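Structure first, then comments.
Quantities reported herein were computed from a predicted structural model and do not represent experimental measurements. Letters A, B, ... are given to chains in the order of the sequence lines, protein chains preceding strands, and every chain is numbered from 1.
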Protein chains: 2
Amino acid sequence: MSTSTASPPAPAGSCPIAATFDVVGPRSAFLVLREASFGTRRFADFVARSGLSEPITAGRLRQLVAEGLLERHTYREPGQRARDEYTLTAKGRAIVPVLIALREWGERYALEPGEPVGRLEHVDCGAGVRTGLHCDAGHAVEVTDASFVRGPA
Amino acid sequence: MSTSTASPPAPAGSCPIAATFDVVGPRSAFLVLREASFGTRRFADFVARSGLSEPITAGRLRQLVAEGLLERHTYREPGQRARDEYTLTAKGRAIVPVLIALREWGERYALEPGEPVGRLEHVDCGAGVRTGLHCDAGHAVEVTDASFVRGPA
DNA sequence: CGGCATCCTTAGGGATACTG
DNA sequence: CAGTATCCCTAAGGATGCCG
């Protein structure tokens, strides 16, 4: 990937990558979203599985609800006391490809080969799921075949 | 996406998402990598285009070189003085899909509609480039059709 | 140009203890 | 169980100034 122009000063102010970090938050937010994407719903499970402390977990959950990536519902199973649960919204589900891409990179470049990391399966056929680039004309695209052009999307 | 198991305690220690953040670094590292993916090579340009301060930029460049995502070369054009430049390694290029996925999310959910953000083009045909999920059997996969299974990849 | 040194402020995050 | 309240430490990051 490269610019076709000589890249003028760049309006860093409207960079969608920076904007994503500004909305989603820090590392810990991605870990909370990871757990939510795995189906974790309850506070205590987020704490246990994310590896984050309670205050941080609580803060991220609150913030992600405020940003609209998670929804909080209080529900009560018959005969049980009320519980809170957090589930992904459409906005939150839309970030799952980012999580998968992060996962793929980490598995390849940041973990020891052979570390147990689980796998993503296509529910329809059981085959492994991966991210990829493709163009609107339907071609598979390599990173080196993508060119960034500044200006209106 | 959801777990098919009840998700036991989770070995957060070997989470590839967390590992990616641990290797790549914080938000500013992604902005530096963004610029590198656009073809930015020189220190002053990284500073001007990333919107980061010089010390932070210098620190990220040094760290990303140390982690093997960037390579630093000193080169001298004929009749010019020596310059340093930073270019992506294969390990660094491999993270571009993460950047693209972050970019797509931000454009959709974190920026005002209509903000100028540029676009990615397939060099072969000029069509826009997007990320997507697919399975090893070749099917396009929706987020909701991916299931995470713990255990060896 | 390509940095590093210093200083400062804010944000991220863990530990612990406590409350509804 | 689902948090909140403190306290404390470290990391992130900007501003400024200096140096090869």
Side-chain angles (χ1 to χ4, degrees), chain A residues 9 12-13 15 17-36 40-67 70-77 79-87, chain B residues 6-7 9 12-13 15 17-36 40-67 70-77 79-87:
Chain A
C15 166
I17 299 176
T20 295
F21 281 105
D22 291 343
V23 168
V24 174
R27 192 189 108 123
S28 54
F30 288 86
L31 302 185
V32 168
L33 289 169
R34 173 196 74 190
E35 286 309 321
T40 298
R41 286 177 151 78
R42 282 160 39 193
F43 179 80
D45 290 333
F46 278 106
V47 172
R49 295 174 190 158
S50 69
L52 299 167
S53 64
E54 289 178 359
I56 294 296
T57 304
R60 288 304 151 265
L61 288 170
R62 193 165 2 96
Q63 164 207 337
L64 289 168
V65 168
E67 294 289 356
L70 294 177
E71 270 179 346
R72 176 186 186 164
H73 324 101
T74 304
Y75 71 107
R76 181 188 303 263
E77 291 175 0
Q80 305 278 317
R81 62 174 187 72
R83 291 181 182 282
D84 292 327
E85 65 172 11
Y86 299 86
T87 54
Chain B
S7 306
C15 166
I17 299 176
T20 296
F21 281 105
D22 291 342
V23 169
V24 173
R27 195 190 106 120
S28 54
F30 287 87
L31 301 185
V32 168
L33 290 169
R34 174 197 72 188
E35 287 307 322
T40 298
R41 287 177 150 78
R42 283 160 39 192
F43 179 80
D45 291 334
F46 278 106
V47 172
R49 294 174 190 159
S50 69
L52 300 167
S53 64
E54 289 179 359
I56 294 297
T57 304
R60 287 305 151 265
L61 287 170
R62 191 165 5 94
Q63 165 207 336
L64 289 168
V65 168
E67 294 289 358
L70 294 178
E71 270 179 346
R72 174 187 188 164
H73 322 102
T74 304
Y75 72 106
R76 180 190 303 264
E77 292 175 0
Q80 304 278 318
R81 60 176 189 68
R83 292 180 182 283
D84 292 328
E85 64 171 14
Y86 299 86
T87 54

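For the pair A:T57 (side chain) and A:S53 (backbone), a donor-acceptor distance under 3.5 Å is present. With hydrogens and angles disregarded, a donor-acceptor distance shorter than 3.5 Å links the side chain of A:Q63 to the backbone of A:V24.
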**Request:** Output, in order, the C-alpha distance, side-chain angles, deciding distance and verdict of side chain to side chain contact (heavy atoms under 4.5 Å, CB included) for A:E85 and A:R83.
**Result:** CA-CA 7 Å; A:E85 65 172 11; A:R83 291 181 182 282; over 6 Å; no
**Request:** Any chance you could lay out the side chain to side chain contact (heavy atoms under 4.5 Å, CB included) test for B:E35 and B:D45, step after step, and finish with the verdict?
**Result:** CA-CA 9 Å; B:E35 287 307 322; B:D45 291 334; over 6 Å; no
**Asked** B:Y86 and B:V65: side chain to side chain contact (heavy atoms under 4.5 Å, CB included), yes or no, with the steps?
**Response** CA-CA 8 Å; B:Y86 299 86; B:V65 168; 3.9 Å; yes
**Message:** Treating primed atoms plus P, OP1 and OP2 as sugar-phosphate and everything else as base, which nucleotides of nucleotides 8-20 of chain D get B, S or - for protein heavy atoms under 4.0 Å?
**Reply:** ----SBBBBB---
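Atom NE2 of A:H73 and atom P of D:dA2 are 15 Å apart (whole Å). Atom CG of A:L64 is separated from atom P of C:dG12 by 12 Å (rounded to the nearest Å). Rounding to whole angstrom units, CZ of residue A:R72 and C1' of D:dC1 are separated by 12 Å. B:E85 has its CD atom 10 Å from the P atom of C:dG2, to the nearest Å. One interatomic measurement links the two molecules: CG of B:D45 to P of C:dC1, which rounds to 9 Å at whole-angstrom precision. Between the CZ atom of A:R49 and the P atom of D:dC1 there is a distance of 12 Å, given to the nearest Å. Between the P atom of D:dA2 and the CZ atom of A:R41 lies a distance of 13 Å, rounded to the nearest Å.
In this structure, the side chains of B:R27 and A:D22 come closer than 4.5 Å at one or more pairs of heavy atoms.
A:F30 and A:F21 have tilted rings, their planes meeting at an angle from 30° to 60° on a 0 to 90° scale.
Put simply, B:R42 has no side-chain N or O that comes within less than 4.0 Å of OP1 or OP2 on C:dC1. Within the 4.0 Å cut-off from OP1 or OP2 of C:dG3, not a single side-chain nitrogen or oxygen of B:R83 is found.
Residue-level contact check: A:F46 touches neither bases nor backbone, having no heavy atom under 4.0 Å from any strand.
For A:R62, taking side-chain heavy atoms from C-beta onward, the closest of the listed nucleotides C:dG2, D:dT4, D:dA2 is D:dT4.
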